[in-house]
There are 2 protein chains.
Amino acid sequence: MNVRQLEYLDALARERSFRRAAEECNASQPAVSIAIAKLEGELGLELIHRHRREAVLTAPGEALVRWAREALAAVRGLTEEAGRFAGVLTGRLRLGVIPTALPAVAGITKELLSAHPDIRLEIRSLTSDEIVDELASFRIDVGLTYLDNEPLGAVTPIPVYEEGYLYLTAEDLPGESVRWGDLDGGRLCLLTPDMQNRRIVEAALRRSGAEVTAVVETNSISALISYVRAGWPSIVPDAWVALYGVPEGMSAVPLVAPEMSHSVGLVTRVTDLPQPLVKAFVESLDPPRVPSSP
Amino acid sequence: MNVRQLEYLDALARERSFRRAAEECNASQPAVSIAIAKLEGELGLELIHRHRREAVLTAPGEALVRWAREALAAVRGLTEEAGRFAGVLTGRLRLGVIPTALPAVAGITKELLSAHPDIRLEIRSLTSDEIVDELASFRIDVGLTYLDNEPLGAVTPIPVYEEGYLYLTAEDLPGESVRWGDLDGGRLCLLTPDMQNRRIVEAALRRSGAEVTAVVETNSISALISYVRAGWPSIVPDAWVALYGVPEGMSAVPLVAPEMSHSVGLVTRVTDLPQPLVKAFVESLDPPRVPSSP
DNA sequence: TCCGATCGATAAGCAACGTTTATCGTTCTG
DNA sequence: CAGAACGATAAACGTTGCTTATCGATCGGA
């Protein structure tokens, strides 16, 4: 049994292709073929259906890859810990982020990167559900998501900042703020219902008795803002405005009555042996940062 | 990085000797020397103080061996799982047992062994503290210990049987039972105070206001019973009597007022990915067994 | 139905690795 | 001071894992 075999198996499970798995591991396709065949021989099991066009794991393969990932995570932990002792933290920290928190991610990770220049970051935009999944299967190390809204999996939450909500429109607004109730009857552009931010907004509107029409739904906040320019107002997280500023010709005012906010923060796997990179990341947040423009 | 290197490191940490570590891994001493040197080279760290006579881990070594054990446990899990799918559960299940529960261990594991003849058992007599330690450092897989008395570590408890207490003496006893209070002023032979059973007995005596003299203290229950023969009564767990029967010329009666019992059971590491061998063991306990003579 | 693309398995050659036995220098012990 | 035990080193050897090149099989589109 070899660590390399486990890496191949993991990549194979993820990519469903010998070629792509080999590429991901910086190896040749036969290397993966042979290594997996040898692993199957050692274990006396078929791990992969080879007759199909798509390389799909068998039931045993599916079960075993979980252990492989567990082992690989430990090996990664070992390597990171070694780097820590050698004075330089190295390795790739894989971060899953919900779309609405993406503008905040640079501010949050700034300290970590400057303190440990050898760390590489991998940022992936994921839904909150995907974050829980990928954490559990060791495909990301840390998630950045809502902490207080919907049930999380078996994760350790670390609050980072409070997300507030702004009303963004192309009109000139008279006041300093808008009440949720004022939006009643409005025609808005909102995120798609599969995104948690949309569900948060819906709940706030419902609580204040406002009914709105979602004229446009999108899962991209950039698209959202472009629709605001085109005339449909929207509700956006304040972090986005902090990053881009208020676009020319638009106004952004806080939504009040009530002034709502939701806690956004990191989630990590629960473990009694924390990954050094993750530990360094969390410690670099001290004192807790709020998102700010660069 | 190689699984074999991690095995060597683990064995080295345990044995504090290159030679013994090599022996434990069925390898030659230079194999271990070279592998560790190579690992140190890869990580850029000194893992072991070599100048001393005793090979002792450095601080980084101590930290890294924890990750190594984590990885090795996952590899073991993978192997066991593979065996499960192949139809035969194989591997060694390492069981740590408090001395007073030793007579029960055969009864508890009987089902597992007959259901899976390829499983090998390793039974080690440990104190309850050691059980928690060795579980955490992956040196045993399951513990058999008291569940309800003193704080356990981060373990999952599974009750197995209730341990009751008998008064064992070489005299003829008139009644069917003895009250704890009746022992006041007695001269007994008891286990040493570092054993949890002794602390349980002390607490029971204190509660019923009885004061006794521990004429002989021992950490071996066999020695205890030999002293009973020699004339000093004692208090023994009922499991021992169930195994050996009441020795010739002695009497054993339950201690009552109150009739006390303590829960004895298995403890396992908390994990969301249970070891197949451990899982099979726990499932083999269904329905819960009580210790019985063979 | 056939051609081309893509997939994974196989073959052959090669370099690197892990292991062994034998031996050396050092350190603790009686 | 002699002997034993320890770990490092050297040399030799078999194995492993990797590469490139190629094959047979399968799927999709004209």
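Below, chains carry the letters A, B, ... as their sequence lines are ordered, and counting in each starts from 1.
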Colleague: Would you say A/Ser28 reaches D/dT19's phosphate, i.e. side-chain N/O to OP1/OP2 under 4.0 Å?
Modeller: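 The answer is yes; a side-chain N or O of A/Ser28 sits under 4.0 Å from OP1 or OP2.
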
Colleague: For DNA chain D, which residues in residues 58-74 of chain B have a heavy atom at a distance below 4.0 Å?
Modeller: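 Of all residues in residues 58-74 of chain B, none places a heavy atom under 4.0 Å from DNA chain D.
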
Colleague: Measure from the side-chain heavy atoms of B/Ile34 and tell me the nearest of C/dG8, C/dT19, D/dT20.
Modeller: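 Nearest nucleotide to the side chain: C/dT19.
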
Colleague: Tell me whether the side-chain N/O atoms of B/Ser33 come closer than 4.0 Å to OP1 or OP2 in D/dT9.
Modeller: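 No, B/Ser33 has no side-chain N/O under 4.0 Å of OP1/OP2 on D/dT9.
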
Colleague: Less than 4.0 angstrom from a charged side-chain N to a carboxylate O is my criterion; do B/Arg14 and B/Glu24 meet it?
Modeller: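 Judged by the 4.0 Å cut-off on N to carboxylate O distance, B/Arg14 and B/Glu24 do form a salt bridge.
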
Colleague: Using a cut-off of strictly less than 4.0 Å, decide whether A/Lys38 has a side-chain nitrogen or oxygen near OP1 or OP2 of D/dT16.
Modeller: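 It does not, given that no N or O in the side chain of A/Lys38 lies less than 4.0 Å from OP1 or OP2 of D/dT16.
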
Colleague: Could you state the atom-to-atom distance from CD of B/Gln29 to C1' of C/dC24 in whole Å?
Modeller: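 In whole Å, C/dC24 C1' and B/Gln29 CD are 12 Å from each other.
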
Colleague: Quick check on DNA chain D: between A/Ala27 and A/Arg19, whose nearest nucleotide comes earlier from the 5' end?
Modeller: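 Result of the comparison: A/Ala27.
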
Colleague: I'd like to know if A/Glu217 and A/Arg198 make a salt bridge, using a cut-off of under 4.0 Å between side-chain N and carboxylate O.
Modeller: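 Salt bridge flag = yes for A/Arg198 with A/Glu217.
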
Colleague: Salt-bridge test for B/Asp141 and B/Arg269: reply yes if a basic N is under 4.0 Å from a carboxylate O, no otherwise.
Modeller: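 Salt bridge: yes.
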
Colleague: On the nucleotide C/dG18, are OP1 or OP2 found under 4.0 Å from the side-chain N or O atoms that B/Asn2 carries?
Modeller: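 True: B/Asn2 side-chain N/O within range (under 4.0 Å) of C/dG18 OP1/OP2.
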
Colleague: Please report the distance, rounded to the nearest Å, between CE in B/Met1 and C1' in C/dC17.
Modeller: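 Going from CE in B/Met1 over to C1' in C/dC17 covers 16 Å.
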
Colleague: Strictly below 4.0 Å: does B/Arg4 bring a side-chain N or O up to OP1 or OP2 of C/dC17?
Modeller: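 Result: no.
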
Colleague: Between B/Arg20 and D/dA5, is there a contact of a side-chain N or O with OP1 or OP2 at under 4.0 Å?
Modeller: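 Negative; the distance criterion is not met.
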
Colleague: Does a side-chain N or O from A/Tyr8 land closer than 4.0 Å to OP1 or OP2 of D/dC18, or not?
Modeller: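 So the side-chain polar atoms of A/Tyr8 do come within 4.0 Å of the phosphate oxygens OP1 or OP2 of D/dC18, strictly under.
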
Colleague: Whole Å only: how far is the CD atom of B/Glu15 from the P atom of D/dG7?
Modeller: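 Nearest whole value for this atom pair: 11 Å.
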
Colleague: Which atoms form the tightest heavy-atom contact between A/Leu277 and A/Thr90, and what is the distance?
Modeller: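 Smallest heavy-atom distance, with atoms named: CD1-O, 3.2 Å.
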
Colleague: Run the salt-bridge test on A/Arg20 and A/Glu23 with the 4.0 Å N-O cut-off and return the result as yes or no.
Modeller: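 Here A/Arg20 does not pair with A/Glu23 in a salt bridge, since their nearest N and O are not under 4.0 Å apart.
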
Colleague: Taking the side chain of A/Ala31 as its heavy atoms from C-beta onward, which of C/dT19, D/dT19, D/dA8 lies nearest to it?
Modeller: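 So the side chain of A/Ala31 is nearest to D/dT19.
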
Colleague: Could you tell me the separation between the CG atom of B/Asn26 and the P atom of C/dT20, rounded to a whole number of Å?
Modeller: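 Taking CG of B/Asn26 and P of C/dT20, I get 9 Å after rounding.
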
Colleague: One thing to verify: whether A/Arg124 and A/Glu134 come together as a salt bridge, which I'm taking to mean a side-chain N less than 4.0 angstrom from a carboxylate O.
Modeller: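 Yes, A/Glu134 and A/Arg124 are salt-bridged.
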
Colleague: What is the separation between atom CZ on A/Phe18 and atom C1' on C/dA9, rounded to the nearest whole Å?
Modeller: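 That distance rounds to 9 Å.
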
Colleague: Is the number of heavy atoms from other residues, nucleotides or ligands under 6.0 Å of A/Tyr227 OH greater than 12?
Modeller: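 Counting other residues, nucleotides and ligands, OH of A/Tyr227 stays at 12 neighbours or fewer.
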
Colleague: Between atom CD in A/Glu23 and atom C1' in C/dT6, what is the gap in whole Å?
Modeller: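 Going from CD in A/Glu23 over to C1' in C/dT6 covers 14 Å.
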
